[in-house]
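Okay, so here's the structure we're looking at.
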Amino acid sequence: QVQLVESGGGLVQTGGSLRLSCAASGRTSSNYDMGWFRQAPGKERDLVAAITWSGRSIHYADFVKGRFTISRDNAKNAVYLQMNSLKPEDTAVYYCAAGSSGRGSFNYWGPGTQVTVSS
């Protein structure tokens with residue numbers, strides 16, 4: 001099994017930036033697609049960005065295109081989400097997720113990290 005732990009969340013002003021990190025441990029030798037999700041209070045968990053094991057295919061939700069960048073470093077077993085031009089509506093708990101390569105699903109989840117954007 002893979003264990004995922006997010007870090008880098010916090011409080012930031014509108015227009016500011018944060019970089020979230022996801023550290024993976026356990027069966028990290030397997031090929032995993034990775035994703036970032038977020039969930040605001042009382043709302044469903046939404047996909048923010050996803051990246052394949054090779055890094056050649058990347059998907060962004062429309063509401064973050066041009067502002068967020070997902071990247072990965074397989075040698076470090078890490079995935080990142082660079083968030084720029086943050087808005088109050090970006091406030092949510094952000095989760096790192098992993099799934100077997102090519103299956104389009106996510107089976108492993110981190111505990112989440114809080115991102116709060118003040119207005």
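Predicted model only: the values in this text are computed from it and were never measured. Here, residue 1 is the first one in the sequence, and each next residue gets the next number.
Considering only heavy atoms from C-beta on, Val12 stays 4.5 Å or farther from Met83 through its side chain. Looking only at side-chain heavy atoms (C-beta outward), Glu6 and Pro111 come within less than 4.5 Å of each other. Residues Thr14 and Ser118 form no side-chain contact, since every pair of their non-hydrogen atoms from C-beta on lies 4.5 Å or further apart.
Taking hydrophobic clusters as Ile, Leu, Val, Met, Phe, Trp and Tyr residues chained together by side-chain heavy-atom distances below 4.5 Å, Tyr108 shares a cluster with Ile51. A continuous path of ILVMFWY side-chain contacts below 4.5 Å connects Phe63 to Ile58, so both sit in one hydrophobic cluster. Linking Ile, Leu, Val, Met, Phe, Trp and Tyr whenever their side-chain heavy atoms come within less than 4.5 Å puts Tyr32 and Ile70 in one cluster. Connection of Val48 to Leu4 is established within a shared hydrophobic cluster, with ILVMFWY side chains joined at heavy-atom distances below 4.5 Å, either directly or through further cluster members. Cluster membership check: Val2 shares its hydrophobic cluster with Val79, using side-chain heavy-atom separations under 4.5 Å among Ile, Leu, Val, Met, Phe, Trp and Tyr.
Shown here for Leu86 and Leu18, the closest heavy-atom pair between the two residues is CD1-N, 3.9 Å. The two residues Phe106 and Gly35 make their nearest non-hydrogen contact at CE2-N, 3.5 Å. The two residues Gln1 and Gln3 have their closest heavy-atom pair at O-NE2, 3.5 Å. Annotation for Trp36 and Leu81: closest pair NE1-CB, 3.6 Å, computed over non-hydrogen atoms. Looking at every heavy atom in both residues, Tyr60 comes nearest to Ala49 through CD2-CB, 3.6 Å.
A side-chain N or O of Gln114 and one of Thr116 form a donor-acceptor pair less than 3.5 Å apart. Between the side chains of Ser17 and Asn84, a donor-acceptor pair is found at a separation under 3.5 Å.
Taken to the nearest 0.5 Å, the OG atom of Ser119 stands 13.5 Å off from the NZ atom of Lys87. Atom CZ of Arg38 and atom CD of Glu89 lie 8.0 Å apart (nearest 0.5 Å). Rounding to the nearest 0.5 angstrom, the gap separating the CG atom in Leu20 from the OG atom in Ser7 is 8.0 Å.
A salt bridge links Lys65 with Asp62: the distance from a Lys NZ or Arg NE/NH1/NH2 to an Asp or Glu carboxylate oxygen falls below 4.0 Å.
The main-chain N or O of Trp53 is found under 3.5 Å from a side-chain atom of Asp33 such that the two form a donor-acceptor pair. Looking at Thr91, its side chain does come within 3.5 Å of a backbone N or O of Val117 through a donor-acceptor pair. Under a 3.5 Å cut-off, the side chain of Gln82 and the backbone N or O of Thr69 do not form any donor-acceptor pair. Distance alone, capped at 3.5 Å, is enough to place a donor-acceptor pair between the Arg67 side chain and the Ser85 backbone.
Judged by the 6.0 Å and 45° rule, Arg72 forms no cation-pi pair with Tyr80.
Between Tyr94 and Phe68, the two ring planes are tilted [angle within 30° to 60°].
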